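Take a look at the structure set out below.
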Amino acid sequence: MLGVAVPSLKAGGGRVAVGGRRRPLARGREGAVRASCPHLPGRSCWRPRVPPRRPRDMPEEAGFPPAKRFRPGSGPPSRAGSFRPGGRVVMLLTPGSGGKGGGGRRQQPPLVQPSVSPYPEAVELQRRSLPIFQARGQLLAQLRNLDCAVLIGETGSGKTTQIPQYLYEAGISRQGIIAVTQPRRVAAISLATRVSDEKRTVLGKLVGYTVRFDDVTSEDTKIKFLTDGMLLREAISDSMLRKYSCVILDEAHERTIHTDVLFGVVKTAQKKRKELGKLPLKVIVMSATMDVDLFSQYFNGAPVLYLEGRQHPIQVFYTKQPQHDYLHAALVSVFQIHQEAPSSQDILVFLTGQEEIEAMSKTCRDIAKHLPDGCPSMVVLPLYASLPYAQQLRVFQGAPKGYRKVIISTNIAETSITITGIKYVVDTGMVKAKKYNPDSGLEVLAVQRVSKTQAWQRTGRAGREDSGICYRLYTEEEFEKFEKMTMPEIQRCNLASVMLQLLAMKVPNVLTFDFMSKPSPDHIQAAIAQLDLLGALEHKEDQLTLTPIGRKMAAFPLEPKFAKTILLSPKFHCTEEILTIVSLLSVDSVLHNPPSRREEVQGVRKKFISSEGDHITLLNIYRTFKNTGGNKEWCKENFVNSKNMTLVTEVRAQLRDICLKKQMSMPILSSRGDMESIRRCLAHSLFMSTAELQPDGTYATTDTHQPVAIHPSSVLFHCKPACVVYTELLHTNKCYMRDLCVVDAEWLYEAAPEYFRRKLRTAKS
DNA sequence: GAGCACTGC
């Protein structure tokens, strides 16, 4: 496999060395402090040695470029472009401390590298030694008078830990809490822990956090870290966000669907509070160096403040020719680096998915066994989200002396997991991502090119502690053709949940809601149609509002169709069972399927399988898990992912609590072994996701007659039931139905006679 | 007939 086509790499645009500890400061506009930014011109070529055809032929000295043979050129989108003409700009230099680390979730520690907690005195000293501290007064003077500000700061600028404290110390929180949102729960927890330490307080008092299943706040809490989704949920019961004096939207450049909706929510809340003469709401958008103009424009030309962080220089190489086989190119690159670089320098490779990663890991291990003497040994570590937790943790352990760590990862290592010690990044430029087609309403999961932003994010993983090197397995010309930024999530997903939430907040017109990046009208319309089918909407005088059912649906942290399933379940006397099934469907699969132990898995799983489909099978697994005391040992023996199973238990408890609330008035009954009523309940709520067996033995969806197939992971894979409901359609090579339940066609017509009459009519014409 | 990026409430 090795040595067929060699990717030859050439030096190209390198990341600008934005850092340096302290570079001379120059006076900028309006007296702001501005740092000079070196651009190193020129470029040169680098040709790696041809790798050997077979491992045992590997030459002992494969050439690797000495650093002087290349020079970094243009870097990521320059900060010059970040400035709005006439905008007030503050620039600072900060070393990279005060970052994210440490902390602990109660049920399970977050997947971050443990950090040693310094002594309290040292913490305060360290805080004061941050250059951001020198600009504290200037920064506060600006922020104090602004309703809105956009704050640009690179990784390690310390903005997320320091700014909330500055605002607190300036008394901003006297009339309301300072909220800091994060896209990920681990980040919210570890940041709260860090800031609480810095303030020398007990976590949950002055500084706290709120994430799903875990609220560590009290009446004393003035600085609150929370996930963006959590603040959005709070906005349902209080759209003016009255508790808060300031909302900081951090990591805004990631453009998660929740942050995007929050942009509109805080903007509306701010305006409303102003109109009503209430306490003003301060909004601070924090981001890496992207999309500044967009943020600033959206918030009525809010000033942009710039914080410079410490970023070690990273050299970037592109291939000379396009690579048709990026896997092969990655393999070659890894072994070229491996033969040249000291073994203490680790390599991070970005691939697209589990299968690819496992295959590549195996190949690397095989090749590494046959390397010549004198070549370092290699520890190959796969990394992806569905990998069991214990195995994920291994990427943080140091390799034994003389061993090099090679981490082969999905985009999970782009943002979610930070690994120290990475010197080399190998970027294939590919990612597996969901695309949404509003015409068909289908989500397609496909391997595609990364965006420029994403490529720079990957590159940045090489320069966390020291200078680094990034090999891009595509040409510079190809890179120039990449999309500038990843399409915001809100333009790529089904919007039913978002629309339900906006309606629950009583947004006057969801069709014209002020999104920063508007989803297409078709896209919004599709979501409205879906909610309408579920009986959530009322049309009154051109105004869309929620029905009582719709309001109840919004109370569940679930996809609308699953919320509806729960709400229908009392009618079928099976709420106990439906709560379990919905919980199982709303987390990652509890089934662990290591490909190497397939037969073993099949043997063990047999006892749970129900001919009625996946939902009932999952229910059987959950019940046995509970009846046997639900321990880890059982999980291991039965190839069940215990982490996800624990999560199912938590979700179920939360959903049950919601059902028991007064306004829900839901009896929680069990069907007592009557599986048919459970299937009827599923048929009544998922009637728009059904497929029927065709005369030729294939399946087609009932509504649009789209050809579909049973996913190989389904217990019904080898069966041919006449009619099924499914919970998800997944487009990969084919259009697959996942999580199926056998139903009676008659139940469907019974559930939605009008819908099916209409569908039949359109089918005939 | 043969397969699943990543978050989050």
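Everything numeric here is computed off the predicted structure, so don't read it as measured data.
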query = Roughly how many Å is it from CD in A:E489 to C1' in B:dG8, rounded to a whole number?
reply = 8 Å

message = Test of understanding: with side chain to side chain contact (heavy atoms under 4.5 Å, CB included), list the residues that count as partners of A:D588, not counting sequence neighbours.
response = A:N644

OP1 or OP2 of B:dG3 under 4.0 Å from side-chain N/O of A:Y736 = yes

query = Start at the 5' end of DNA chain B and walk down; is the nucleotide closest to A:E559 or to A:R738 reached first?
reply = A:R738

ask   = Between A:T227 and B:dC9, is there a side-chain N or O to OP1/OP2 distance below 4.0 Å?
value = yes

ask   = Where the side chain of A:Q354 is concerned, which of B:dT7, B:dC9, B:dA5 is the nearest nucleotide?
value = B:dA5

query = Are the side chains of A:M430 and A:Q448 in touch, meaning some heavy atoms are under 4.5 Å apart?
reply = no

task = Look at all strands and tell whether A:K734 reaches a base, only sugar-phosphate, or nothing, counting heavy atoms closer than 4.0 Å.
result = sugar-phosphate

note = Ranking B:dG3, B:dC4, B:dC9 by distance to the side chain of A:L445, first place goes to B:dC4

request  = Determine the contact category for A:N733: base if any of its heavy atoms lies under 4.0 Å from a base atom, sugar-phosphate if only primed atoms, P, OP1 or OP2 are that close, otherwise nothing.
outcome  = sugar-phosphate

message = Rounded to whole Å, how long is the line connecting atom CG of A:L730 with atom P of B:dA5?
response = 9 Å

key: Which residues share a side chain to side chain contact (heavy atoms under 4.5 Å, CB included) with A:K606, sequence neighbours left out   = none

inquiry  = Tell me every residue that passes ring pair (Phe, Tyr, Trp, His ring centres under 6.0 Å) with A:Y244, counting only those two or more places apart in sequence or in another chain.
reply    = none

inquiry  = Are the side chains of A:S685 and A:K561 in contact, using a 4.5 Å heavy-atom criterion?
reply    = no

ask   = So what does A:V211 hit on the nucleic acid, given a heavy-atom distance under 4.0 Å: a base, only sugar-phosphate, or nothing?
value = sugar-phosphate

ask   = A:R184 CZ to B:dC6 C1': how many Å, rounded?
value = 9 Å

query = In residues 708-722 of chain A, which residues come under 4.0 Å of DNA chain B by heavy atom?
reply = A:H711, A:P712, A:S713, A:F717, A:H718

ask   = Roughly how many Å is it from CD in A:E254 to P in B:dA5, rounded to a whole number?
value = 20 Å

query = Do the side-chain N or O atoms of A:R185 get closer than 4.0 angstrom to the phosphate oxygens (OP1, OP2) of B:dC9?
reply = yes

task = Please state whether the phosphate of B:dG3, meaning OP1 or OP2, lies under 4.0 angstrom from any side-chain nitrogen or oxygen of A:N593.
result = no

Atom-pair distance (CG on A:L500; P on B:dC9), nearest Å = 17 Å

task = Return the set of residues passing ring pair (Phe, Tyr, Trp, His ring centres under 6.0 Å) with A:F482 (not counting sequence neighbours), or none when no residue passes.
result = A:Y474, A:F479

note = Between CG of A:L249 and P of B:dG8 the distance, given in whole Å, is 17 Å

task = Send over the distance from A:Y209 OH to B:dC9 C1', rounded to a whole Å.
result = 16 Å

key: Partners passing ring pair (Phe, Tyr, Trp, His ring centres under 6.0 Å) against A:H711 (at least two apart in sequence or in another chain)   = A:Y736

remark   = Separation of B:dC9 atom P from A:I236 atom CD1, nearest Å, is 13 Å

query = Between the side chains of A:S589 and A:N641, is a donor N or O closer than 3.5 angstrom to an acceptor N or O?
reply = no

ask   = If you pin A:N411 and A:M230 to their nearest nucleotides in DNA chain B, which one's is more 5'?
value = A:N411

